[in-house]
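Before any comments, here is the structure.
Below, all heavy atoms of this structure are taken into account, side chains as well, without hydrogens, waters or symmetry copies. The shown structure was predicted, so the numbers you read here are calculated from the model rather than taken from an experiment.
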Amino acid sequence: IALAKGLAPKALEHYQFALAAEPTHIPALEGLAKWARLTGDSTKAEQALRSGTRHAPRAWRTWHNLGVFFLEEGRVKDALDALETSLGLASADETAPLIALITALLQDGQSGSALLRSEQLTKLAPKQGLAWFLRGRSHFELNRLNEAEEDFRKAVLIDADLIEARSGIGLVRATQGDNDSAIRIFRDILKRDPENMAARENLRRLGTIEAPTP
């Protein structure tokens, strides 16, 4: 509660009190990691998350949290190791570790592996727009543009607010030389999300200069 209210010092005090009473308390360690991230202390965040994996080595979420932290830090190889462990420990119906692993694989340039995992995800969660978006991303990176657009459009049909999927359609259209359609799509994205700098940059590259939002 203190952290949610922006009371970082008070939050730290509560987490430390909890850990003094029970050093292996995983939620307190996760809270301490959140506090450290919010205050810009990556070292303490990693220490807290690693403590979680030591105290609960069979809990998929502790490895997942560590993997996501590494991903946010740009340490993709470390993220892949942690997320593979997380996926191996999670139940078959858990999508979170699979989503994070696919994201890491894409960042690492392992598009083929990402596609295999994203196909697994679409079977596991066929009504989740993000699953189809990630499969679209994988297809796009493999230059399978028709399959990518089909996946992006399916993602938008499932989740109309998934801006990333709309952007994916625009990128496919632009890559295939259909600049008019791409421009319409990126302009629509800016109407929905005026702060979307990626859409603004894509319009600039397409020769359409969009005025900054006042």
Could you walk me through whether Arg37 and Glu72 pass the salt bridge (Lys or Arg N to Asp or Glu O under 4.0 Å) check?
CA-CA 10 Å; Arg37 291 290 281 158; Glu72 292 173 348; 2.8 Å; yes

4.5 Å side-chain heavy-atom contact, Thr103 and Leu83
no

Is a donor on one side and an acceptor on the other found under 3.5 Å between the side chain of Asn202 and the backbone of Ala198?
yes

Kindly compute the distance separating CZ (Arg137) from CG (Asp151), expressed to the nearest 0.5 Å.
12.5 Å

What's the separation between atom CG in Asn65 and atom OG in Ser86, rounded to the nearest 0.5 Å?
8.0 Å

Could you state the interatomic distance from CG (Asn196) to CZ (Phe186), rounded to the nearest 0.5 Å?
9.0 Å

What pair of heavy atoms forms the shortest contact from Thr95 to Ala125, and how long is it?
CG2-CB, 4.0 Å

Does either side chain, that of Asp93 or that of Ser91, offer a donor lying less than 3.5 Å from an acceptor on the other one?
yes

Side chains of Gln128 and Asp159 only: does a donor on one sit below 3.5 Å from an acceptor on the other?
no

Strictly distance-based, threshold 3.5 Å: is any side-chain N or O of Ser113 a donor or acceptor partner for the main-chain N or O of Gln110?
no

Distance-only polar pair, side chains of Asp178 and Gln176, donor-acceptor under 3.5 Å:
no

Charged N-O contact under 4.0 Å between Glu150 and Lys154
no

Between Gln120 and Arg117, do the side chains contain a donor N or O and an acceptor N or O under 3.5 Å apart?
yes

Exercise: identify the closest heavy-atom pair between Ser111 and Glu141
OG-CB, 3.2 Å

I'd like to know whether Asp81 forms a salt bridge (Lys or Arg N to Asp or Glu O under 4.0 Å) with Lys77, so could you lay out the CA-CA distance, the side-chain angles of the two residues, the decisive distance to 0.1 Å, and finally the verdict.
CA-CA 6 Å; Asp81 289 341; Lys77 298 297 185 184; over 6 Å; no

Does the side-chain contact (heavy atoms from CB on, under 4.5 Å) test come out yes or no for His64 and Val68, once each step is laid out?
CA-CA 6 Å; His64 175 264; Val68 171; 3.7 Å; yes

Separation between CZ of Arg200 and CG of Asp193, rounded to the nearest 0.5 Å:
9.5 Å

Passes side-chain contact (heavy atoms from CB on, under 4.5 Å), Gln107 versus Leu71? Steps please.
CA-CA 9 Å; Gln107 287 194 21; Leu71 204 54; 3.8 Å; yes

Under 4.5 Å between side-chain heavy atoms, counting indirect links through other Ile/Leu/Val/Met/Phe/Trp/Tyr residues: same cluster for Leu98 and Leu162 or not?
yes

Go through Phe70 and Val76 one step at a time and tell me if the side-chain contact (heavy atoms from CB on, under 4.5 Å) criterion holds.
CA-CA 7 Å; Phe70 285 142; Val76 182; over 6 Å; no

Hydrophobic clustering (ILVMFWY, side-chain heavy atoms < 4.5 Å, transitive) - are Leu80 and Leu121 grouped together?
yes

In this structure, would Leu134 and Leu105 fall into the same cluster of hydrophobic residues linked by side-chain contacts under 4.5 Å?
yes

Residue pair Ser167 / Ile189, side-chain heavy-atom distance below 4.5 Å:
yes

Decide yes or no on salt bridge (Lys or Arg N to Asp or Glu O under 4.0 Å) for Glu201 and Arg205, but give the supporting numbers first.
CA-CA 6 Å; Glu201 174 61 17; Arg205 291 178 179 177; 3.2 Å; yes

Ignoring hydrogens, what is the shortest heavy-atom contact between Ala45 and Phe69? Give both atom names and the distance.
CB-CE1, 3.8 Å

Can you check whether Leu203 reaches Leu190 side chain to side chain, under 4.5 Å on heavy atoms?
yes

So does Arg75 pair up with Glu46, basic N to acidic O under 4.0 Å?
yes

Report yes if some heavy atom in the side chain of Lys44 is under 4.5 Å from a heavy atom in the side chain of Trp35; otherwise report no.
yes

Under a 3.5 Å threshold, yes or no: a donor from one side chain and an acceptor from the other, between Ser51 and Arg54?
yes

For Leu206 against Ala174, the heavy-atom pair lying closest together
CD2-CB, 4.2 Å

Find the distance between CG (Asp180) and CZ (Arg173) and round it off to the nearest 0.5 Å.
11.0 Å

Of the non-hydrogen atoms in Ala155 and Gly129, which two are nearest, and what is the gap between them?
CB-O, 3.3 Å

Any link between Ile99 and Val156 through a network of hydrophobic side chains (Ile, Leu, Val, Met, Phe, Trp, Tyr) touching at under 4.5 Å?
yes

Taking all non-hydrogen atoms of both residues, which atom of Ala56 and which atom of Ile26 are closest, and how far apart?
CB-CD1, 3.9 Å

Single-linkage hydrophobic cluster Trp132~Leu145, side-chain heavy atoms < 4.5 angstrom
no

Validation row: Leu87, Trp60 side chains within 4.5 angstrom (heavy atoms):
no

Min side-chain heavy-atom separation Val172-Phe152 under 4.5 Å
yes

Before you tell me yes or no, could you show the steps for Glu149 and Arg153 under salt bridge (Lys or Arg N to Asp or Glu O under 4.0 Å), namely the whole-Å CA-CA distance, both residues' side-chain angles and the distance that decides it to 0.1 Å?
CA-CA 6 Å; Glu149 183 170 358; Arg153 290 189 181 279; 2.9 Å; yes

Between Ser138 and Arg135, do the side chains contain an N or O donor and an N or O acceptor separated by less than 3.5 Å?
no

Nearest-0.5 Å distance, CG of residue Leu49 to CG of residue Leu29:
8.5 Å

